[in-house]
Student: 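Would you mind keeping the following structure in view while I ask a few things?
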Number of protein chains: 4
Amino acid sequence: MRTQQGLFAGIFGRGGVDAGDEAWLQAMLDAEAALARAVERAGLAAAGAGAAVTAAAVASGFDPGELGRQAALTGNPVPALVRALTAAVPPWAASAVHRGATSQDILDTAAMLVAKRALRAVLADLADAADAAAGLAVAHRGTIMIGRTLLQQAVPVTFGLVAAGWLASIDEARQALARVRDERLAVQLGGAAGTLAALGEAGPRVAGLLAGELGLALPVLPWHTDRRRILDLAAALTGAAAALGKIARDVTLLAQSEVVREGGAGRGGSSAMPHKRNPVASVLVLGCTRRVPGLLATLAAAAEQEHQRAAGAWHAEWEPLADLLRLTGSAASWGAELLAGLVVDGLRMRANLDAAGGFPMAERVAALLAPALGPAAAHDLIAAASADAVAAGESLGSMLKSGDTARSLAAAGVTPGQLDAALDPAGYLGAAAAFTDAALAAHRELDPRLRP
Amino acid sequence: MRTQQGLFAGIFGRGGVDAGDEAWLQAMLDAEAALARAVERAGLAAAGAGAAVTAAAVASGFDPGELGRQAALTGNPVPALVRALTAAVPPWAASAVHRGATSQDILDTAAMLVAKRALRAVLADLADAADAAAGLAVAHRGTIMIGRTLLQQAVPVTFGLVAAGWLASIDEARQALARVRDERLAVQLGGAAGTLAALGEAGPRVAGLLAGELGLALPVLPWHTDRRRILDLAAALTGAAAALGKIARDVTLLAQSEVVREGGAGRGGSSAMPHKRNPVASVLVLGCTRRVPGLLATLAAAAEQEHQRAAGAWHAEWEPLADLLRLTGSAASWGAELLAGLVVDGLRMRANLDAAGGFPMAERVAALLAPALGPAAAHDLIAAASADAVAAGESLGSMLKSGDTARSLAAAGVTPGQLDAALDPAGYLGAAAAFTDAALAAHRELDPRLRP
Amino acid sequence: MRTQQGLFAGIFGRGGVDAGDEAWLQAMLDAEAALARAVERAGLAAAGAGAAVTAAAVASGFDPGELGRQAALTGNPVPALVRALTAAVPPWAASAVHRGATSQDILDTAAMLVAKRALRAVLADLADAADAAAGLAVAHRGTIMIGRTLLQQAVPVTFGLVAAGWLASIDEARQALARVRDERLAVQLGGAAGTLAALGEAGPRVAGLLAGELGLALPVLPWHTDRRRILDLAAALTGAAAALGKIARDVTLLAQSEVVREGGAGRGGSSAMPHKRNPVASVLVLGCTRRVPGLLATLAAAAEQEHQRAAGAWHAEWEPLADLLRLTGSAASWGAELLAGLVVDGLRMRANLDAAGGFPMAERVAALLAPALGPAAAHDLIAAASADAVAAGESLGSMLKSGDTARSLAAAGVTPGQLDAALDPAGYLGAAAAFTDAALAAHRELDPRLRP
Amino acid sequence: MRTQQGLFAGIFGRGGVDAGDEAWLQAMLDAEAALARAVERAGLAAAGAGAAVTAAAVASGFDPGELGRQAALTGNPVPALVRALTAAVPPWAASAVHRGATSQDILDTAAMLVAKRALRAVLADLADAADAAAGLAVAHRGTIMIGRTLLQQAVPVTFGLVAAGWLASIDEARQALARVRDERLAVQLGGAAGTLAALGEAGPRVAGLLAGELGLALPVLPWHTDRRRILDLAAALTGAAAALGKIARDVTLLAQSEVVREGGAGRGGSSAMPHKRNPVASVLVLGCTRRVPGLLATLAAAAEQEHQRAAGAWHAEWEPLADLLRLTGSAASWGAELLAGLVVDGLRMRANLDAAGGFPMAERVAALLAPALGPAAAHDLIAAASADAVAAGESLGSMLKSGDTARSLAAAGVTPGQLDAALDPAGYLGAAAAFTDAALAAHRELDPRLRP
């Protein structure tokens, strides 16, 4: 698996997720050690065997490169690891090593441990990101900006509402991840073909003890070829990536008109262009999150696994799962930093809105006419006035106050004061504040429960 | 959207899921009608307006083809539908139509309704599939067969355990779908840019009433560009497809050695080969489920949506979501029928195992030797004996009872009686029965809660 | 398969591609008819049998719904079609129907025919799109605009160069599609398991005649479970979608600052917002193209097909291939219209560039200093001046002409005239015109060869 | 990027493809060095500058970890590399470093170099694989086995034909890769925004010289945001993976009935089961190839790149492209070894066919009756006889020679001799030998041209 170092690790391996070789190796050793302790507790190994195996089960004592070479002989690194671990424990404890287990038991349980540890880092970064989004929502509850649909100017919103939307999305993603962590990360122990036959009657009891040792859930029965746990984990990670990717996309777009820019001293320069200040964090969030759907699809396709162990589909899961953890973790780390440092230019937001010629208020002006003319005719009249104003290079307000349109408005009983009020963006924010407050309240309620 | 009829509809559109044009049209009309009722209840429309709109909101009164043609002008079919619906209600009720809403509100809410109705069918078929799997687990709790890992013969299992694994997987998929149905299918109402400005102060109240009218959840704030609800739905459907695909793959493989075959009179013939009896249902489950990962990836990638409405990513969701519902529904329908009709040949399972030359018991024989020789030496001795037996065309038992190997066994204190016992598959099933019972118990507890 | 009509057909089924039920049915019948003619020409059927089958092989004579229902019995619609076709020909010609073929032969060959016909429409729309892009490149060869990297303002480019890039991409996509059409769309005829055993010695000869009848390539041997032809077709379609998606993304982004807008009378209105003029065509291009990667992945995953006919993977290809043809066709149709109607506001482009405060020229000014200071120091000096200018709300030029920076420039021997020249965007376009001309020349050379 | 060493490198990083950090670093340095030489040749740098930069451009002189850390500041590793490289050359040559280029030019050109070098290894392994498949086709041209459709026994084929199908697929994949290598791997040089403005008039000339220096194609204009070259490369790699995946799937399935097994001394053992001999190579081919569709989809989705450099989509390409090269290379290496060592048990193939009860000949017997009864009645009669035989536990032959069926056959004029001949698999192989020979002839013609 990719390590945390290297040419691209600063970009795609940022943050606390460790899903590299060392982390997998230690997780496999942790699974073996916990199994030895469980076997001992079940009375199937000598007293002290569990502790002896645990003492030997330290990644630094093993050579990943050599294990990797031997893995090519059997198709996975566990048999070589078992051999090396057995050699590292006292002979009297050797029979506790890998007792009753098959390679897949160790690799699958290790994957769950790697994921559990990775989720700790992902959840911590997402908690920071959520807090930062909450801070933005509070600070900009009344900061008016132009909303955009299909990238075109639409009607006024507040930046607080935008941030509240980001917040709600992150918070929901956190809940989903926490649920997967608590309910779906489960120990796998089935032996050669899922019967735990080598443990005789003691199989289920050993599995239960193993789950307890590792702090993982105990499944109803072994899940060796039921891969929906991997899929649920992947889907929850994808949900987090989706929340982060939407935020990053918004920031890159908002940064075009300079209404926001990223903080981060010394970052964002260009090798060619001295003036540039690139939104590096959001670009790299997208560089991570854009890769998530393909990895999710790979894991979903790999979920069709034959009989008692799959010929290829199982193997196809390992690196994509590690990549998914790493990339979501990196995106969460970049995202937390992005949100914490975001510089918002509320004055420029307002200036851009004011420069929009009043067109974002067209919907509201049409609503003013609707009672008298009916909604369709009102819509059409204002649409025509908007088109005329654009053609003439005038603002909507000035067009509405002159010529035929002014007469139509007067005929419909719209007073100049009503018209001016209708052209004021601050008066057309609807439930923006209420929705912002709702997201903040939900966050305040949720955060203490989810903070790792 | 694809209808339930046509050249390939019998294959990919089987079962009760309706995600075709008519279903979408009615769901959009249901959303508009519920909105009118909510608006009336909020005091924003004349008494009776809700009922008047509801009366007009019947799909058969509208022309999908014409709506489709007009959809090309605006990019979605809602504006044309609103125009047609408005024309179909009495003038005094017209202002209640589409009040405060934007096209996306109606399409997104309709998508949730289509999904909710589709899930009813999917869950019903999955419930039948689970019951059938439970029946197989009960009936074959003691039916011994060869387990296979990497497609190769491994150790004995029971067919009951195989069926119990299928059962547990389906039951978990059902739980996930039910959770999404209850928690994640939510009304969308945000107006032009998520502020519900056109409803003034009344926005949140109308949204709440709309949710109540439609039996959908109420989100903290509008989710127009937070698409993780779509993603959660897609992931749960993918989980169901994964459960079904694994079952179908197992059945197609088991049917190779004729230990199972599909029921279904008149099905499975070949145009060319008179003798063939193809496992049509499981093949078609796979024909559906193999398409799910790509659709899931499309929806995951589409979750990155800009600002207050996405330029393309939103539109890219509609057909893939409909396809995902249709294909999962079809797979569930085929799967339920497959499991209900599965013909299991327990005698042949046993005969195939007996014909396997005792090799599936090699692990157990090695365990017999482990106390005396240590696990590694025991493994190696039996591995060598197995290889010799294969080379000589003998069974493992006969090889073990002759020559050097026999002497080694005797030296290790293994008696002929112990050896014979170790070669008996029935004595090496471990927790197969216990795991089977656990899955059945979980099913009995779950099924009444989830049965639609 | 989806037809050209319905609620969403105006969006996703635009243009001349027909991959609906009727088109598939006729293609299957065309394959059967051509087979009958080939069989007759090979001397295996009575004279006139080919003509008799051809006369009966008209889609309107068959009921897709009924064929679809029967398809569920065998897993594909061919057996029922063969039965119905046989019943529709005179008894003496019946033995020429489906002679030596299996269902897959007919469906695969039909898929190739559907694709070939679809490519005609796709290539025609792409040719129009390329011509329109060429027209834009010619017209705007000297229209200066700001280039953007990472969405941020970078250095000047011309809109002609942008259009030339679009042109080159479309033209390469056309070449790839034409090559697939000519080299990779091949007849499939292998019989039950690829040996054509039912045709005795005559198999290869009949296959050759069939290829000639249909204007498809003849493969070295049957490709029933070698699906790279489907994959090559899908990849070439994806290439076209990629070219179109990039253009549409650029247009939606450029339309933000109103430097371009789509033509198309009566299109782009909003149900809620009277002032809006949405870039509908480019949004819908993206609505189509965003779905292509998932379909491509589905077809790539389905290429792993077992033995002599796949159990599920083959079936999983049919609808995705039809969708891919339909969506690429729709994107090409929208794209051609988009490019033909694009309204470019060169004055506004220039005004936006002029309003950019001279920062896009920072790279050039740094180059002016590089000989004296070295590139790194030059870069850093101008980067600092840019930052100061932004902080002070000044233009880069005014900052460079005052204070310390002015002194540094003078010390480096830069004259005011040199500085003014360096701040003129028109003087910093490099090879923009040359690249534009190169793309136009390549287009003039290519277009006559590829025009359908 | 992942290196060739580590816990899973023996599995997923087998063979000669190097797409790890060191390979990327050297390729970036090669691009910089070639650019300096090109700049010198164009008269823009001092004589000897190209050689001076080339001398410094050795990967071992740079620290990937440090470059990776700095990459987080700018979003890619090139700026830090340029700084370090500049520091490593004599001052008089410094201005030739990175002259006129932007980060993307270097990374994109490096990607092409990494790919070109990787393709050398992939093509070498595929050439070996093709030769091995050809050897199998020759050796087993007459080895009769049962063909399988939908995994069920169908009609006889030869193993030679199976191998010939594998051969043809590999050979076509080789052609596609060679074409991409020669036509689509192109230098990228555009400068900050694709105009090469910093090179003044000399841009196109420098680009041409750079292409010559590196042995890459010269595009019509810079392809910085036209990513179809990456897509074409990915598609050709996917085609190779598809060919290999199909072969590996066939081998895992054939190994079930022990008609083939993998060679490779010491490989395929199980940690738990002493008797096992797993088909490790084919399993690991699948472990690689199953991941390819998701990577392809990621690259296809990333092809939509904005303006003059994409904000995220470009970055999302780097690791997936490296993974795709690595995994295809690993699959090719495993595949070549698999095919070279494949042990084919022709006697067992024949024995399994003989044990099939004559049912695979049902189609042929029906053909015998068709002239007298018509094809439909013949098919139905033999289908009924087959079902009766299965129910009675008899062979098809014995059923056909007794009772009513025998009378029907006699009535149709079928003699016992004709029936016996029709029941002989060796007489029902159609064009198997001809197709095998055709694939071999095509291979003989192609191989010398493609052998690297």
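In what follows, chains are A, B, ... by sequence order, proteins preceding strands, each numbered from 1.
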Student: Distance-only, no hydrogens or angles: does the D:Thr225 side chain make a donor-acceptor pair with backbone N or O of D:His307 under 3.5 Å?
Tutor: yes
Student: Between OG1 of D:Thr238 and CG of D:Leu231, what distance do you get to the nearest 0.5 Å?
Tutor: 9.0 Å
Student: Indicate yes or no for a side-chain donor-acceptor contact from D:Gln418 to the backbone of D:Leu368 under 3.5 Å, with no hydrogens or angles considered.
Tutor: no
Student: Any donor and acceptor pair, going by atom type alone, linking the side chain of D:Glu262 with main-chain N or O of D:Gly341 inside 3.5 Å?
Tutor: no
Student: Please look at D:Ala297 and chain B and tell me whether the side chain, the backbone, both or neither of the residue comes under 4.5 angstrom of a heavy atom of that chain.
Tutor: neither
Student: Is chain B contacted by the side chain of D:Ser282, its backbone, both, or neither, given a heavy-atom distance below 4.5 Å?
Tutor: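 Interface part for D:Ser282: neither.
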Student: Taking side chain as everything from C-beta outward and backbone as N, CA, C, O, which of these in B:Arg364 sits under 4.5 Å from a heavy atom of chain D? Side chain, backbone, both or neither.
Tutor: neither
Student: Between B:Leu286 and chain D, with a heavy-atom cut-off of 4.5 Å, which part of the residue counts as in contact: side chain, backbone, both or neither?
Tutor: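 Neither; nothing under 4.5 Å.
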Student: Flag the one option from B:Ala154, B:Ala255, B:Ser386, B:Ala367 with the top tally of heavy-atom pairs under 4.5 Å to chain D.
Tutor: B:Ala154
Student: Of the backbone (N, CA, C, O) and the side chain (C-beta and beyond), which part of B:Ala301 lies under 4.5 Å from a heavy atom of chain D, both, or neither?
Tutor: neither
Student: Nearest 0.5 angstrom please: D:Ser257 OG to B:Gln153 CD, how far?
Tutor: 10.0 Å
Student: Does any heavy atom of chain B fall under 4.5 Å from the side chain of D:Leu253, the backbone, both, or neither of them?
Tutor: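 Both the backbone and the side chain of D:Leu253 come within 4.5 Å of chain B.
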Student: If the test is side chain to side chain contact (heavy atoms under 4.5 Å, CB included), which one of D:Asp354, D:Ile144, D:Val260, D:Ile146 qualifies with D:Met349?
Tutor: D:Val260
